[in-house]
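First comes the structure, then the notes that go with it.
Convention: sequence-line order gives letters A, B, ...; per-chain numbering from 1.
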Amino acid sequence: MTVTNLLQDTPFDTFRPGQEEVISAILSGRDTLAVLPTGSGKTLCYQLPAGIMPGLTIVVSPLVSLMDDQVTQLKMNGFQRVAALHGNKPPAEKKRIWQKLHLLKLLYVSPEMLAVEKIRSQFKKINVPLLVVDEAHCISQWGHEFRPDYQNLGRFRKELGEPVLLALTATASERVRSDIMSSLNLQNPVIEAHSVNRENIFLAIETQHDPQSRQQRLMELVTSAAKPCIIYTGTRRDAEVWSSLYKGASAYYHGGMHAEDRNSIQGQFLYNEIDVLFATSAFGMGINKPDVRSVIHGYMPPSIEQYVQEIGRAGRDGERAIAYAVLAESDFVLPWHFVEMEIPGQKWLQEELLPASETPGKLEELIEGAPFAEHTTSLLRSHLIKAKAKGSERKRIERLMTHFEQRRRERSQQIQKMTDFVHAPSCFRKQVLAYFEEEPFAADKWCCSNCHPVPKLSSALVKLESTVGWQALLKQKLHVGAEQNET
DNA sequence: CGAGCGCATTCTAAAATGCGCTCGGTGCTTTAGT
């Protein structure tokens, strides 16, 4: 039986690029790292094997909303033996899932769920042939500081008896790939990687001296930009203020809002009731809106990876789009502040933490009052207070110091590379590809502001309707019936 | 680091200036049940 025959029981006729390779690798028992662009049907890569392999496939997913979306999509496609287990579920439903665990083929969970001892022990009792880590770049992007449970997935896998592992993501530099592989303990995995290059997105970057002129320029750009348009901001306040300053209809979106409001705004943007959205980096993961024509950055992302992820939300339909960044001097400072807030420096470690560890009770007091982000405080707490029973204190502090030093170095390098990137006079596309260690490529006319004059944002749409539009339309017609649900 | 806020100061007033303080991004979880 060939892998293609497996499509018989699905709504699909053919595989998209990469899917067949990934599925074959999994079915032959190989660990797989799949770096596939959004829109390439990543869900099928584990849905098919999960249906075939005996037992329960566990999918680790970063967001509750993402889990629920996937479950809804799969059920709509006729795949019923699937559920999501998370804290927003009413207790009665959670209980039902536990009782029917043996009837399920796919179960979505968060990494935090897997950190709960009682939950892990339940999973250890059943047969788990395949463990999937969706949006696997989170291991590297969030796992070190923000969501440390991402670092424990490797241990969880070992506890389950080393099931086959599939790591899925849309963007992963060499650094992120090796981070994923070492964290999940992937031995000699099959790597199915496709280019991060998005030929249809024009890259433009400019720097204004002061925040006022940036704000003014940003407003001009948003006004003339082809819609729908996402404007990424560095702070929640900027998202709110700029949204109120913008003359047309717009909305804002950030992590400090109530879930209902976030859902409602997201829905309105998805269904074109709002075509201008000012958002922090909270917006985007798992959002599949094909026709976003412009992504405008009013802040500098802390890494090239994050920049690529955010601009990648434009032009998913393959038609032309523009990614525009308008930066101000102050933007180059903000990411350094987040490093300061999350990773204790040598000075604090040497002059505060080390002396405090000599006096009983002083350590707790120092950690609770430390000037760091909440998740950093809890990391210090769990490493130095809760873990007190084992090992010498001095040794544990020294290990932490080495760890923090390395993390500061890594984060600093990412920020520095991003800063160098926006200032460089050479082709932005070539720079991005070089960062991802891909072959150099410069698009003919639709490339970047260092290669060509920036086209008028609104012209993107016009051009598409007259020239590229009919081709896309034809392609769509020819593929009717073969379309897969994007996940 | 630096933007933005409240507050005090400042030539009897009013608006402007300056000081010190605060804040700045991403999300998950606390199984159930007599």
Original post:
Reading DNA chain B 5' to 3', what string of ( ), [ ], | and . shows its pairs, if Watson-Crick and G-U wobble pairs count only when both distances fall under 3.5 Å?
Top reply: ((((((((((....))))))))))..........
Subject >> Integer angstrom distance from the P of B:dG25 to that of B:dA3 >> reply: 15 Å
Original post:
Rounded to the Å, how far apart are A:Y299 OH and B:dA3 C1'?
Top reply: 18 Å
**OP:** Mind checking A:E342 for me? I need base, sugar-phosphate or nothing, with any heavy atom below 4.0 Å counting as a touch.
**Re:** base
Original post:
When you compare B:dT30 with B:dA8, how far apart are their C1' atoms, in angstrom units rounded to a whole number?
Top reply: 48 Å
**OP:** In whole angstrom, give the distance that lies between atom CE of A:M257 and atom C1' of B:dT26.
**Re:** 15 Å
**OP:** Look at the side chain of A:L63 and decide which nucleotide, out of B:dT29, B:dG25, B:dC28, has an atom nearest to it.
**Re:** B:dC28
Subject >> Minimum-distance nucleotide to A:W98 side chain [options: B:dG24, B:dG4, B:dT31] >> reply: B:dT31
Subject >> A:S110 or A:E117, whichever maps to the more 5' nucleotide of DNA chain B >> reply: A:S110
Original post:
Can you find a side-chain donor-acceptor pair between A:S173 and A:E305 that sits under 3.5 Å?
Top reply: yes
Original post:
With no hydrogens and no angle check, do the side chains of A:R237 and A:Y252 hold a donor and an acceptor under 3.5 Å apart?
Top reply: no
Subject >> Selected nucleotide, minimal atom distance to A:L334 side chain, candidates B:dG33, B:dG24, B:dT26 >> reply: B:dG24
**OP:** Determine the contact category for A:V64: base if any of its heavy atoms lies under 4.0 Å from a base atom, sugar-phosphate if only primed atoms, P, OP1 or OP2 are that close, otherwise nothing.
**Re:** sugar-phosphate
Subject >> Sugar-phosphate only, base, or nothing, as touched by A:R262 at under 4.0 Å among non-hydrogen atoms >> reply: sugar-phosphate
Original post:
Choosing from B:dT26, B:dG2, B:dT31, which nucleotide comes nearest the side chain of A:F146?
Top reply: B:dT26
Original post:
Hey, is A:W336 doing a stacking thing with B:dC1, by the 5.5 Å centroid and 30° angle criteria?
Top reply: no
Subject >> Salt-bridge criterion met for A:R175 and A:E410 (N-O under 4.0 Å) >> reply: no
Original post:
Is the number of heavy atoms from other residues, nucleotides or ligands under 6.0 Å of A:K362 NZ greater than 12?
Top reply: no
Original post:
Which part of the nucleic acid, if any, lies within contact of A:P302, taking any heavy atom under 4.0 Å across all strands shown: a base, the sugar-phosphate backbone alone, or nothing?
Top reply: nothing
Subject >> Distance, rounded to the nearest Å, where A:N88 contributes CG and B:dT31 contributes C1' >> reply: 15 Å
